[in-house]
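Report on the structure given below.
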Amino acid sequence: MQVFVPEHLADEEADPRHFTGRARMTAMRGVAGEADVNAYRVAFQAGARTAWHTHSGVQLLIVLEGTCWLQKEGQSRQDIPAGGLASIQPGEKHWHGAGPQAAMTHLAINIGATTTWLEQVTDREYRRT
Ligand code: MN
């Protein structure tokens, strides 16, 4: 058994090369023992979002607070309320983050997934979703 509690974990500012706006990330690595399963709690301020990216494995997003904006390239944005979950398949180009008016926190669980970071989500792209 492993337990991860916030007071024993360090959070850090999300890498500005891969995020627009401010977000704080808490990494929980190896959460499924030897399997390559890593969890990341990410707290986005209003307007903050990831860059476009893909994962080599499945990513699960579990929304903890606020509303998660999630967009797959070529599709309309989807809004996921707290308590909701999204699964992102390997290779799907997408971004996720907070809406412009309110903060959002999600837990991302990456299953055998490394991330390939692509271009930032421009303000124009963000607004037109
Ligand atoms: Mn993702």
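Both ligands and their constituent atoms are indexed starting at 1 by order of listing. For this chain, numbers begin at 1 and follow the sequence in order. Below, all heavy atoms of this structure are taken into account, side chains as well, without hydrogens, waters or symmetry copies.
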Applying ring pair (Phe, Tyr, Trp, His ring centres under 6.0 Å), which residue pairs with at least one partner in residues 59-89 are found, sequence neighbours left out?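 Of all non-adjacent pairs touching residues 59-89, those that pass ring pair (Phe, Tyr, Trp, His ring centres under 6.0 Å) are W69-Y126.
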
Test H53 against H94 for side chain to side chain donor-acceptor pair (under 3.5 Å), laying out the working first. CA-CA 6 Å; H53 61 281; H94 68 285; 2.9 Å; yes

Partner residues of E119 under the side chain to side chain contact (heavy atoms under 4.5 Å, CB included) criterion, sequence neighbours left out: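 Scan of E119 (side chain to side chain contact (heavy atoms under 4.5 Å, CB included), adjacent residues dropped) gives W52, K93.
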
Those residues that, when tested against N38, pass side chain to side chain contact (heavy atoms under 4.5 Å, CB included) (two or more places apart):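 Applying side chain to side chain contact (heavy atoms under 4.5 Å, CB included) to N38 gives R29, D36, Y40.
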
Should Q75 and E73 be marked as a side-chain contact (heavy atoms from CB on, under 4.5 Å) after you check the CA-CA gap, both sets of side-chain angles, and the distance that decides it? CA-CA 6 Å; Q75 297 188 358; E73 186 179 45; over 6 Å; no

Assess, by modelled atom type and distance only, whether the side chains of H106 and H96 contain a donor and an acceptor separated by less than 3.5 Å.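 Yes, side-chain donor-acceptor contact under 3.5 Å.
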
Around the Mn ion (ligand 1), what protein N, O or S atoms are found below 2.8 Å?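 You should have found H53 NE2, H55 NE2, Q59 OE1, H94 NE2, H96 NE2.
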
